[in-house]
Number of protein chains: 2
Amino acid sequence: MVKRVRGSRTGRPIMVLLDLLGRRWTLRIVWELREEPRRFRELQDAIGASPTIINTRLAELREAKLVLLDEAAGYRLTTLGEELLRLFLPLHVWSEKWAKAI
Amino acid sequence: MVKRVRGSRTGRPIMVLLDLLGRRWTLRIVWELREEPRRFRELQDAIGASPTIINTRLAELREAKLVLLDEAAGYRLTTLGEELLRLFLPLHVWSEKWAKAI
DNA sequence: CAAACTTGCTACAGAAATTGTAGTAACGGA
DNA sequence: TCCGTTACTACAATTTCTGTAGCAAGTTTG
């Protein structure tokens with residue numbers, strides 16, 4: 001069931017997804033989890049945002065089944081989360097090109 | 001020259017990009033421009049955000065050379081912007097799969 | 001020519017989100 | 001018992017965003 005979230009009135013999956021990813025720190029958190037699981041505090045240190053908002057975003061990402069908490073290792077991407085990340089990986093290379101252009 | 005923006009302390013292109021795209025409505029605006037140019041008010045109506053923030057985001061996207069204002073047709077993606085969009089297009093299909101999973 | 005419309009955009013007060021700091025509660029090991 | 005680690009919460013200050021109204025310049029219409 002698709003949840004209607006902030007700013008997404010239609011409930012269309014792409015809109016819900018864009019809304020979720022368009023919240024501050026969400027993309028960054030997914031990015032930080034791209035290689036290995038991270039502890040809450042590691043994420044906090046790496047990202048530099050307040051624990052309040054990191055926890056809020058993690059809760060949203062967990063509810064969206066993109067991230068899960070593996071007690072033994074820390075937060076990590078679910079299979080879905082990894083799929084999403086894979087779509088984003090080309091951004092890395094492209095961002096270098098973009099940086100040169102601006 | 002890469003500008004150090006909110007939340008991006010390193011200045012690494014990927015971080016700057018993730019920060020830019022991770023602001024509310026930014027992804028959504030790029031998405032709305034995917035097919036054809038849009039007027040300011042069209043964007044406003046389609047997105048449902050305040051003109052203040054739409055204008056702020058458009059200014060950021062223009063500075064990032066992802067969007068430009070074509071006086072005759074409206075706001076549209078630059079070549080760079082189109083490249084970025086192309087990376088995001090797979091999200092559309094994937095979001096449908098994701099929606100079924102959650 | 002004047003009124004009406006369209007254009008991008010700004011002002012501003014109230015509401016909501018985010019920060020920064022401190023601290024809680026549960027658990028494990030020494 | 002004390003210390004460290006864990007995820008997480010409280011809360012006031014600050015920043016961002018909203019919602020509504022309107023401006024200024026140009027175009028269209030009567």
Side-chain angles (χ1 to χ4, degrees), chain A residues 3-10 15-16 18-33 36-78 81, chain B residues 3-10 15-16 18-33 36-78 81:
Chain A
K3 191 170 185 189
R4 267 134 234 245
V5 282
R6 179 184 79 171
S8 174
R9 301 182 231 276
T10 61
M15 294 308 176
V16 177
L18 289 177
D19 180 58
L20 179 64
L21 299 180
R23 294 175 192 177
R24 192 163 184 201
W25 303 122
T26 305
L27 279 174
R28 180 67 192 275
I29 289 174
V30 171
W31 187 257
E32 289 297 330
L33 297 178
E36 51 193 2
R38 299 281 205 146
R39 290 293 179 186
F40 189 92
R41 288 202 161 100
E42 284 183 284
L43 278 175
Q44 216 184 305
D45 292 345
I47 292 173
S50 72
T52 314
I53 202 63
I54 295 202
N55 190 45
T56 303
R57 292 293 174 266
L58 283 172
E60 291 164 358
L61 285 167
R62 288 162 87 177
E63 205 192 347
K65 295 195 174 156
L66 299 174
V67 164
L68 58 80
L69 174 54
D70 174 347
E71 306 250 326
Y75 285 98
R76 62 186 181 78
L77 298 177
T78 61
Chain B
K3 191 168 183 189
R4 267 134 233 245
V5 282
R6 180 184 78 170
S8 175
R9 300 180 233 277
T10 60
M15 294 306 174
V16 177
L18 289 177
D19 181 57
L20 178 65
L21 300 180
R23 294 176 193 176
R24 194 163 184 201
W25 301 121
T26 306
L27 279 175
R28 180 65 191 275
I29 289 174
V30 172
W31 187 257
E32 289 297 331
L33 298 178
E36 52 193 1
R38 298 282 205 147
R39 292 292 180 185
F40 190 92
R41 287 200 159 100
E42 284 184 284
L43 278 175
Q44 215 184 305
D45 292 345
I47 292 173
S50 72
T52 315
I53 202 62
I54 294 203
N55 190 44
T56 302
R57 292 294 173 266
L58 282 171
E60 291 164 358
L61 284 167
R62 288 163 86 176
E63 205 191 348
K65 295 193 176 161
L66 299 175
V67 164
L68 58 81
L69 174 54
D70 174 347
E71 306 250 327
Y75 285 99
R76 63 185 180 79
L77 298 177
T78 62

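What you see is a predicted model; the values in this text were computed from it and never measured.
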Exercise. Passes side-chain contact (heavy atoms from CB on, under 4.5 Å), B/R57 versus B/I29? Steps please.
Worked result: CA-CA 8 Å; B/R57 292 294 173 266; B/I29 289 174; 3.6 Å; yes
Exercise. Within the distance-only criterion (no hydrogens, no angle test), does the side chain of A/R24 pair as donor or acceptor with the backbone N or O of B/G22 below 3.5 angstrom?
Worked result: no
Problem set entry | Gap separating the CG atom of A/L43 from the CZ atom of A/R28, nearest 0.5 angstrom | 10.0 Å
For this session: Kindly point out which of C/dT21, C/dT10, C/dT19 is positioned nearest to the side chain of A/A49?
Result: C/dT19
For this session: Would you kindly compare B/I54 and A/E42 by the position of their nearest DNA chain D nucleotide and give the one closer to the 5′ end?
Result: A/E42
Exercise. Just how far, in rounded Å, is P of D/dA21 from CD of B/Q44?
Worked result: 13 Å
For this session: Send over the distance from B/I53 CD1 to D/dC17 P, rounded to a whole Å.
Result: 4 Å
Exercise. Side-chain N or O of A/R24 less than 4.0 angstrom from OP1 or OP2 on C/dT19?
Worked result: yes
Problem set entry | Separation of C/dT7 P from B/D70 CG (nearest whole Å) | 13 Å
Problem set entry | Electrostatic pair B/E60-B/R23, nearest N-O below 4.0 angstrom | yes
Exercise. Contact class for A/R38 (heavy atom, under 4.0 Å): base, sugar-phosphate, or nothing?
Worked result: nothing
Problem set entry | For atom CD of A/E71 and atom P of D/dA7, their distance in whole Å | 9 Å
Seminar exercise, completed: From CD1 of B/I29 across to P of C/dG8 the rounded distance in Å is 13 Å
For this session: Starting at OG1 of B/T26, measure out to CG of A/L18 and round the result to the nearest 0.5 Å.
Result: 11.0 Å
For this session: Can you tell me the distance, in whole Å, between the CG atom of B/L58 and the P atom of D/dC17?
Result: 14 Å
For this session: Give one of base, sugar-phosphate or nothing for A/T52, where a contact means two heavy atoms less than 4.0 Å apart.
Result: base
Exercise. Is the phosphate of D/dC17, meaning OP1 or OP2, less than 4.0 Å from a side-chain N or O of B/R57?
Worked result: yes
Problem set entry | Short side-chain N/O contact to C/dA17 OP1/OP2 from A/W25, under 4.0 Å | no
For this session: Please determine if a side-chain N or O atom of A/N55 lies less than 4.0 Å away from the OP1 or OP2 oxygen of D/dA7.
Result: no
Exercise. Whole Å only: how far is the CZ atom of B/R23 from the C1' atom of D/dT16?
Worked result: 11 Å
Exercise. Expressed in angstrom and rounded to an integer, what is the separation of A/R39 atom CZ from C/dG28 atom C1'?
Worked result: 13 Å
Exercise. Counting only side-chain N and O atoms of B/R41, is one of them less than 4.0 Å from OP1 or OP2 of C/dG8?
Worked result: no
